[in-house]
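Throughout, protein chains are lettered first and strands after them, A, B, ... in sequence-line order, and every chain is numbered starting at 1.
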Number of protein chains: 2
Amino acid sequence: MNKVNASLGFFLDLAKIQAVMARKFDGKLNGLSLSDFMILYRLSLAEGGKLRRIDLAEQIGLTASGVTRLLLPMEKVGLVKRQSNEHDARVSFVMLAPGGKRKLEEAMERAGLFADEILQPEKNKRLAELSGLLSDLAKSF
Amino acid sequence: MNKVNASLGFFLDLAKIQAVMARKFDGKLNGLSLSDFMILYRLSLAEGGKLRRIDLAEQIGLTASGVTRLLLPMEKVGLVKRQSNEHDARVSFVMLAPGGKRKLEEAMERAGLFADEILQPEKNKRLAELSGLLSDLAKSF
DNA sequence: AATTACTACTTGATATGTCAAGTATATATT
DNA sequence: AATATATACTTGACATATCAAGTAGTAATT
């Protein structure tokens, strides 16, 4: 049987690494799931401090449905809050609640250290390069 | 609020791209899930055509438990078969069944074409490079 | 103004995979 | 030889996300 082509091979490698790294990160995000963390992080970067749910979904690579499900408990627990849009009753913005801001800061600190530890950027000199390629790729679809 | 460090940023990009690509591939693998596909592919490359469940898990980046659950329906449906190890009663090997071999061939063909289509390797000249870096990284943990 | 089509979000049913604990067997230690 | 430890796998309970379908509101077309 044959080997897979380069594009498909790339995708398979990606899937594997992601699965392994995601498990490693589990429990290192200050009690947040990876998706929770991504949500808080994206909100912290958002202009005006708020995002429509659908844009949030797009930014973290999940579906709108997934975002709805993630946000429900986060809202209950005081990590994020909801704001309606006066110009369009369909949309509801999400924004960081004070609890979410604190939690995110702590998680970023810890997760950043841990990420350096497992990726060892001083040894993997080409990591920055890889990172750049990756985010170009992300933009391309 | 601040940006995330380079290592953590890399991981976040990775997670996002993986999620998006995995959804794109859904339905392009000849009726197989991505994990099913990975299992069949790894079995096709394995020396002697068989693997212990635990090695299979390691190769595709899942846990042993996940592999057990994936394999059960695949066995029922005739994609893989099981073989016990005469030297160690704890292990059970997995190998491609004839149906799995056929299915894999078709899936590789289709998925390979689709992967080229979305990654456009002729345009993304640095894809091969990225791929190499990625699999080096995979080996490092 | 009424109809049609689209967009934002939510919900029901389901798939996929984890962790922790359990079973059975094998290996190492006393 | 008996006990302790480790390995390979499986299972129960649960988390996370998907898709397809539904609701409600907005925009475009007739």
Can you check nucleotides 26-29 of chain D for protein contacts, nitrogen or oxygen pairs under 3.5 Å, and list what you find?
unit_1, atom_1, unit_2, atom_2, d
D:dT26, OP1, A:Ala89, N, 3.2

Hey, what are the protein-to-nucleotides 12-20 of chain D N/O distances that come in under 3.5 Å?
unit_1, atom_1, unit_2, atom_2, d
D:dG12, N7, B:Arg69, NH2, 2.9
D:dG12, O6, B:Arg69, NH1, 2.6
D:dA13, N6, B:Arg69, NH1, 3.4
D:dA17, OP1, A:Ser35, OG, 2.5
D:dA17, OP2, A:Ser35, OG, 3.1
D:dT18, OP1, A:Thr63, N, 3.4
D:dT18, OP1, B:Arg23, NH1, 2.7
D:dT18, OP2, A:Thr63, N, 3.2
D:dT18, OP2, A:Thr63, OG1, 2.4
D:dT18, O4, A:Arg69, NH1, 2.5
D:dC19, N4, A:Ser65, OG, 3.0

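We find that CZ of B:Arg82 is positioned 16 Å from P of D:dA8, with the value rounded to whole Å. Following rounding to the nearest Å, B:Ile54 (CD1) and C:dT25 (C1') show an atom-to-atom distance of 14 Å. The nearest whole Å value for the distance from the CG atom in B:Asn85 to the P atom in D:dT7 is 17 Å. In this structure, B:Arg53 atom CZ and D:dT11 atom P are separated by 10 Å, rounded to whole Å. Look at NZ on B:Lys50: it is 16 Å from P on D:dA8, rounded to the nearest Å. The nearest whole Å value for the distance from the CG atom in A:Leu29 to the P atom in C:dT18 is 17 Å. Taking atom CZ on B:Arg52 and atom P on C:dA26, their separation rounds to 13 Å, with Å as the unit. Between the P atom of D:dC9 and the CG atom of B:Leu72 lies a distance of 15 Å, rounded to the nearest Å.
Interatomic distance, B:Asn30 CG to B:Glu105 CD, rounded to the nearest 0.5 Å: 11.0 Å. We find the CZ-CG distance between B:Phe10 and A:Leu127 to be 5.5 Å, quoted to the nearest 0.5 Å.
Between A:Lys81 and A:Glu75 there is no salt bridge, since none of the side-chain N atoms of the basic residue sits less than 4.0 Å from a carboxylate O of the acidic one. Looking at B:Arg52 and B:Asp55, a side-chain N of the basic residue comes within less than 4.0 Å of a carboxylate O on the acidic one, giving a salt bridge.
Cluster annotation: A:Leu40 is connected to A:Leu71 through the hydrophobic network of ILVMFWY side chains, with a link wherever side-chain heavy atoms come within less than 4.5 Å.
In this view, A:Arg23 satisfies the salt bridge (charged side-chain N to carboxylate O under 4.0 Å, His left out) rule with no residue, not counting sequence neighbours.
Of the possible polar contacts, none joining the A:Asn85 side chain to the A:Ser92 backbone as a donor-acceptor pair under 3.5 Å is found. B:Lys103 places no side-chain N or O within 3.5 Å of a backbone atom of B:Leu79 that could act as its donor or acceptor partner.
Counting heavy atoms from C-beta on, the side chains of A:Leu43 and A:Val94 come closer than 4.5 Å.
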